[in-house]
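Comments concern the structure below.
Keep in mind that the numbers below use all heavy atoms, side chains included, and drop hydrogens, waters and symmetry copies. Throughout, protein chains are lettered first and strands after them, A, B, ... in sequence-line order, and every chain is numbered starting at 1.
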Amino acid sequence: MPEGHTIHRYARLHRRRLNNGPVAVWSPQGRFAEGASHLDGRHLEHIDPLGKHLFYRWEGDTTLHVHLGLFGKFRTFTGEPPPPTDETRMAMQAGDATIYLAGPTACELVTPAEEETIRDRLGPDPLDRSASPDRFAANLARRRIPIGAALLDQKVVAGVGNVYRAELLFLLGIHPRTPASELAAVTVAVLWDRTVDELRRGERSGRIVTTDPVHFGATRDRDLHGEERLYVYKRHGLDCRRCGTVIRIEDLGNRSIWWCPSCQPG
DNA sequence: GGGTGATGCTGAG
DNA sequence: TCAGCCTCACCCC
């Protein structure tokens, strides 16, 4: 689940659910017991997402940092929630909403200095309206690594993950191994704009859809079945939706990438 | 019921 | 470069 669009969606949802009155916070699993007892009963003032990171601002200048990693998940319940599982690291409850967090890479209270260290490692976030496309361009210009590897580097751009990198490169017809520094300025500008558009689309619908629902007789992204939502991700061995060439898979930047040899020539 | 892979990242070597 | 960490949905018996 968690690329940048999911994180920003969680921020929006949690802001709405937890902004009225004090929030009960506890750690059913116990691994966040100390932090939870520190937060329990405080008001949540704001949530700042950045890339794949979430910063929850609590009264009393306390910040909770959450990073979901590969497996982390929030579950939200209205009314009477089911009992938390043994894997529930943190639970938050306000009004009739209960939110469980399981499997995060990070769930910790951070000092301003620690937060600064995290932020220093992150590039511009396409879902942040004040993010600078020029910073993205400058980050790419400095790297000789393949664009397919650069898009996964959170210091280059914060929030893109393995699904979006494959889909974005397909949408723009860029071969994944093209050196980042060799992309034309206009291509980089279009890549940024498209990244913003696609992540926003994912944030809105809650799922990653890069294809056009109309082609499948649907009108909304969420009406598409799993296989219809994407052009190349995990489609190796299948025909390209645009040209019919067989989609390929290979390793790039320690992860698999999928691409179309015809639509994305080297 | 067991095995596996996954939309992520870090730190040791 | 690679092991390790975190959890769960999905597949196969």
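In this structure, A:His65 places its NE2 atom 15 Å from P of B:dG8, rounding to the nearest Å. Protein atom NE2 of A:His67 is 14 Å distant from nucleotide atom P of B:dT7, rounded to whole Å. Between the OH atom of A:Tyr100 and the P atom of C:dC8 there is a distance of 13 Å, given to the nearest Å. B:dG8 atom P lies 10 Å from atom CD1 of A:Ile7, rounded to whole Å. Distance CZ (A:Arg31) to C1' (C:dC5): 9 Å, rounded to an integer number of Å. One atom, CG of A:Leu68, and another, C1' of C:dC8, lie 14 Å apart when rounded to the nearest Å. Per the geometry, CZ belonging to A:Phe71 stands 8 Å off C1' belonging to B:dG8, to the nearest Å. The NZ-C1' distance, from A:Lys155 to B:dC9, rounds to 15 Å in whole Å.
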Extract all donor-acceptor atom pairs below 3.5 Å that involve side chains of residues 240-250 of chain A and protein atoms in other chains or at least two apart in sequence.
| residue | atom | partner | partner atom | Å |
| --- | --- | --- | --- | --- |
| A:Arg241 | NE | A:Leu230 | O | 2.9 |
| A:Arg241 | NH2 | A:Glu227 | O | 2.4 |
| A:Arg241 | NH2 | A:Glu227 | OE2 | 3.4 |
| A:Arg241 | NH2 | A:Leu230 | O | 3.0 |
| A:Thr245 | OG1 | A:Ser262 | OG | 2.7 |
| A:Glu250 | OE2 | A:Arg177 | NE | 2.6 |
| A:Glu250 | OE2 | A:Arg177 | NH2 | 2.3 |

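A:Arg75 comes within 4.0 angstrom of the backbone, heavy atoms only, and of no base.
Taking side-chain N and O atoms only, A:Arg121 has no distance below 4.0 Å to OP1 or OP2 of B:dC9. Within the 4.0 Å cut-off from OP1 or OP2 of B:dC9, not a single side-chain nitrogen or oxygen of A:Arg255 is found. In this model, the phosphate group of C:dT7 is approached by a side-chain N or O of A:Gln29 to a distance below 4.0 Å at OP1 or OP2. Taking 4.0 angstrom as the limit, A:Arg207 places none of its side-chain polar atoms (N or O) nearer than this to OP1 or OP2 of B:dT7. Side-chain nitrogen and oxygen atoms of A:Gln154 include none within less than 4.0 Å of the OP1 or OP2 phosphate oxygen of B:dG8.
Within the 4.5 Å cutoff, no side-chain heavy atoms of A:Leu50 are placed close to those of A:Ile118. Proximity of A:Val156 to A:Phe136: side-chain heavy atoms (C-beta onward) are separated by under 4.5 Å at one or more points.
A donor-acceptor contact under 3.5 angstrom links the side chains of A:Arg17 and A:Thr78, judged on distance only.
Distance from the side chain of A:Thr105 is smallest to B:dG8 among C:dC2, B:dG8, C:dC8. With C:dT7, B:dT7, B:dG8 as the choices, the nucleotide that has an atom nearest any side-chain atom of A:Lys52 turns out to be B:dG8.
Evaluation of the salt bridge (Lys or Arg N to Asp or Glu O under 4.0 Å) test over residues 40-51 of chain A, restricted to residues two or more places apart or in two chains, returns A:Asp48-A:Arg57. Within the structure, every pair that satisfies the side-chain hydrogen bond (donor to acceptor under 3.5 Å, both in side chains) test and touches residues 136-146 of chain A, not counting sequence neighbours, is listed here: A:Asn139-A:Arg142, A:Arg143-A:Asp153.
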- Message: Both atom distances under 3.5 Å, Watson-Crick or G-U wobble: I'd like the secondary structure of DNA chain C as a dot-bracket string, with | for pairs made across strands.
- Response: |||||.||||||.
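Using atom P as the reference point in both B:dG5 and C:dA3, the two lie 15 Å apart (nearest Å). Rounded to a whole angstrom, the distance from the P atom of B:dG13 to that of C:dC5 is 14 Å.
A heavy atom closer than 4.0 Å to some atom of DNA chain B occurs in no member of residues 171-179 of chain A. Proximity of residues 232-242 of chain A to DNA chain B (heavy atom under 4.0 angstrom from any strand atom) is restricted to A:Tyr233, A:Lys234.
DNA chain B is contacted by both A:Asn254 and A:Val163; A:Val163 maps to the nucleotide lying nearer its 5′ end (nearest heavy atom per residue).
By the 6.0 Å contact criterion, CZ on A:Arg12 is enclosed, its count of non-hydrogen atoms from other residues, nucleotides or ligands being greater than 12. Heavy atoms of other residues, nucleotides or ligands lying less than 6.0 angstrom from CG of A:Asp86 number 12 at most. Other residues, nucleotides and ligands place more than 12 heavy atoms under 6.0 Å from the CG atom of A:Asp251.
At least one donor-acceptor pair under 3.5 Å links the side chain of A:Gln154 to the backbone N or O of A:Gly159. The backbone N or O of A:Ala36 lies less than 3.5 Å from no partner atom in the side chain of A:Glu34, so there is not a single donor-acceptor pair.
Taking the six-membered ring where the residue is Trp, A:Tyr56 and A:Phe74 present tilted rings, their angle falling between 30° and 60°. Ring geometry for A:Tyr231 against A:Phe170 counts as parallel: the plane angle stays under 30°, on a 0 to 90° scale with 60° as the upper cut.
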